[in-house]
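To start, the structure itself, in structure tokens.
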Amino acid sequence: MEQKTNSLNKKAYIKYISSLLLFGTNGIIASFILLPSNDIVFLRSLIGSILLLLIFLASQNTWTFLKYRKDIFFAVLSGAFMACSWSFLYEAYQQIGVSLATLLYYCGPIIVMAISPVLFKEKITPRKLISILIVLFGVLLINRGASISGLSFFGILCGILAAFFYAFMVIFGKLGERIGGFEKSVIQLISTFLFVLLFRVITKGFSFEFSGGNWIPILLLGLSTGIGCYLYFSPLSKIPAQTIAISGYLEPLSAVLLSVLILRERMLPVQIIGAVFILGGAILGEIRFKKSDRKIIGYRE
């Protein structure tokens with residue numbers, strides 16, 4: 001029995017780590033798509049939501065959201081914020097590159113930590129306050145490096161806005177906690193698609209023009225979204241919360257490394273130091289030294 005349990009836990013860890021590495025490739029894949037950021041998000045959410053829905057149904061999961069109407073509202077609203085977050089993130093990819101955009105985006109969990117005392121009556125401990133200040137200092141270093149290298153200020157702003165919308169996505173997802181994680185992810189992703197579709201119809205009408213060369217990376221991005229969500233949510237109940245929190249930073253680390261190796265992106269020394277501060281501060285904020293510490297686990301990008 002113990003051997004069987006260990007085998008199941010091992011599979012859970014493999015699924016979880018695989019999902020993080022898969023999500024870490026999203027920015028790399030998107031860099032090969034020659035489309036506006038909103039169009040990329042539209043196609044990603046369309047393909048990803050269809051695939052995730054099919055996986056959910058094939059796994060013989062049952063729908064429970066009809067019992068919790070208030071939670072449905074929060075899940076849909078979380079999906080709307082995810083649409084905004086992705087739109088700004090993919091614009092940041094195009095403006096300042098995958099590595100810097102990813103690092104700015106991962107300030108989102110720190111923003112959640114900073115505003116949790118107001119929304120969830122959580123106490124900010126000295127350790128959490130220090131972690132917030134460390135991350136803010138890292139962002140200042142990245143901004144300093146961007147001004148030196150002549151990077152787009154608009155791109156930096158898009159990365160920061162993506163982080164803020166990420167925070168709201170996580171917060172409203174937390175408020176709809178009675179709906180299971182996998183089911184909630186399906187609702188969020190479908191909601192993301194519908195909100196992006198509505199925005200696209202309002203701004204561009206029903207005209208869709210995509211060149212054939214974009215379809216392979218588009219399909220890869222959509223498939224990685226659907227499969228990644230399944231791999232991420234299915235093993236969560238078998239993995240300790242602190243392991244989930246700390247291991248989650250494999251995603252931005254892999255994204256930065258892949259952007260350097262594949263896209264040949266370069267970071268100034270001051271930006272590298274800023275990256276260390278951002279990731280180090282964020283990880284410090286996630287570490288739980290007391291059993292009473294609480295953890296908000298949100299949707300992964």
Side-chain angles (χ1 to χ4, degrees), residues 12-32 85-86 88-90 92-93 96-113 131-132 134-143 145-146 151 155-156 158-160 162-163 166-167 170 220-221 224-225 227-229 231-233 235-236 239-288 295-301:
Y13 279 102
I14 291 174
K15 280 185 176 182
Y16 180 66
I17 298 300
S18 298
S19 73
L20 297 176
L21 297 177
L22 198 57
F23 285 135
T25 66
N26 285 341
I28 310 300
I29 297 172
S31 66
F32 292 97
S85 179
W86 282 3
F88 282 112
L89 176 62
Y90 280 80
Y93 284 156
I96 60 175
V98 174
S99 55
L100 292 180
T102 300
L103 290 169
L104 291 173
Y105 180 69
Y106 269 85
C107 294
I110 289 295
I111 297 173
V112 174
M113 187 187 303
S131 69
I132 291 170
I134 290 173
V135 170
L136 289 176
F137 184 66
V139 172
L140 291 175
L141 290 177
I142 284 183
N143 287 336
L151 288 177
I156 296 290
C158 285
I160 294 173
Y166 171 94
V170 171
L220 287 175
L221 186 61
S224 71
T225 300
I227 295 172
C229 287
L231 292 175
Y232 177 81
F233 282 102
L236 284 186
I239 302 175
Q242 185 169 351
T243 301
I244 292 171
I246 303 302
S247 300
Y249 286 91
L250 284 174
E251 182 183 337
L253 284 173
S254 64
V256 171
L257 290 175
L258 288 173
S259 66
V260 172
L261 294 173
I262 297 176
L263 302 179
R264 303 296 180 185
E265 293 185 0
R266 291 290 180 264
M267 297 174 64
L268 296 175
V270 67
Q271 293 171 328
I272 294 174
I273 296 172
V276 172
F277 272 93
I278 289 176
L279 294 177
I283 292 173
L284 175 64
E286 299 283 10
I287 295 174
R288 298 189 302 167
K295 169 75 181 88
I296 300 175
I297 300 174
Y299 185 94
R300 308 309 299 177
E301 295 335 312

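Residue numbers count from 1 along this sequence. All values derive from a computational prediction rather than experimental measurement. The analysis underlying the following values was restricted to heavy atoms, covering all of them including side chains, and did not include hydrogens, waters or symmetry mates.
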In short, L279 meets P252 closest at the heavy-atom pair CD2-CG, 4.0 Å
Would you indicate whether the side-chain heavy atoms of Y232 and I227 approach each other to under 4.5 Å?
no
With sequence neighbours left out, write down each residue that passes side-chain contact (heavy atoms from CB on, under 4.5 Å) with I132, or none if nothing qualifies.
I110, M113, A114, I124, L136
On a heavy-atom basis, which atom in A101 and which in L89 lie closest, and how many Å separate them?
O-CD1, 4.0 Å
Shortest non-hydrogen contact from S31 toward L263:
OG-CD2, 3.3 Å
Distance, nearest 0.5 Å, that separates CZ of R266 from CD of Q271:
12.5 Å
Determine, using ring centers only, whether Y16 and Y13 are less than 6.0 Å apart.
no
Within this structure, what is the CH2-OG1 distance for the pair W86 and T225, rounded to the nearest 0.5 Å?
5.0 Å
Quick check: closest heavy atoms across G228 and S19, and the distance to 0.1 Å?
O-CB, 3.5 Å
For residues T102 and Y93, determine if any side-chain heavy atom of one lies less than 4.5 Å from a side-chain heavy atom of the other.
yes
Look at the side chain of E265 and the backbone N and O of V260, then say whether any donor-acceptor pair between them is shorter than 3.5 Å.
no
Restricting to side-chain hydrogen bond (donor to acceptor under 3.5 Å, both in side chains), what partner residues turn up for S224, sequence neighbours left out?
N26
If I take atom OG from residue S254 and atom CZ from residue F23, how far apart are they, to the nearest 0.5 angstrom?
11.0 Å
Test log, rule side-chain contact (heavy atoms from CB on, under 4.5 Å), inputs I160 and C107:
CA-CA 8 Å; I160 294 173; C107 294; over 6 Å; no
Please report the interatomic distance CD1(I278) to CG(L104), rounded to the nearest 0.5 Å.
5.5 Å
Does a side-chain heavy-atom distance below 4.5 Å link F277 with L141?
yes
Tightest non-hydrogen contact, residues G108 and Y166, listed as CA-CD2, 3.5 Å
Straight-line distance of L220 CG to T25 OG1, nearest 0.5 Å:
8.5 Å
How long is the span from the OG atom in S18 to the CG atom in L22, to the nearest 0.5 Å?
8.0 Å
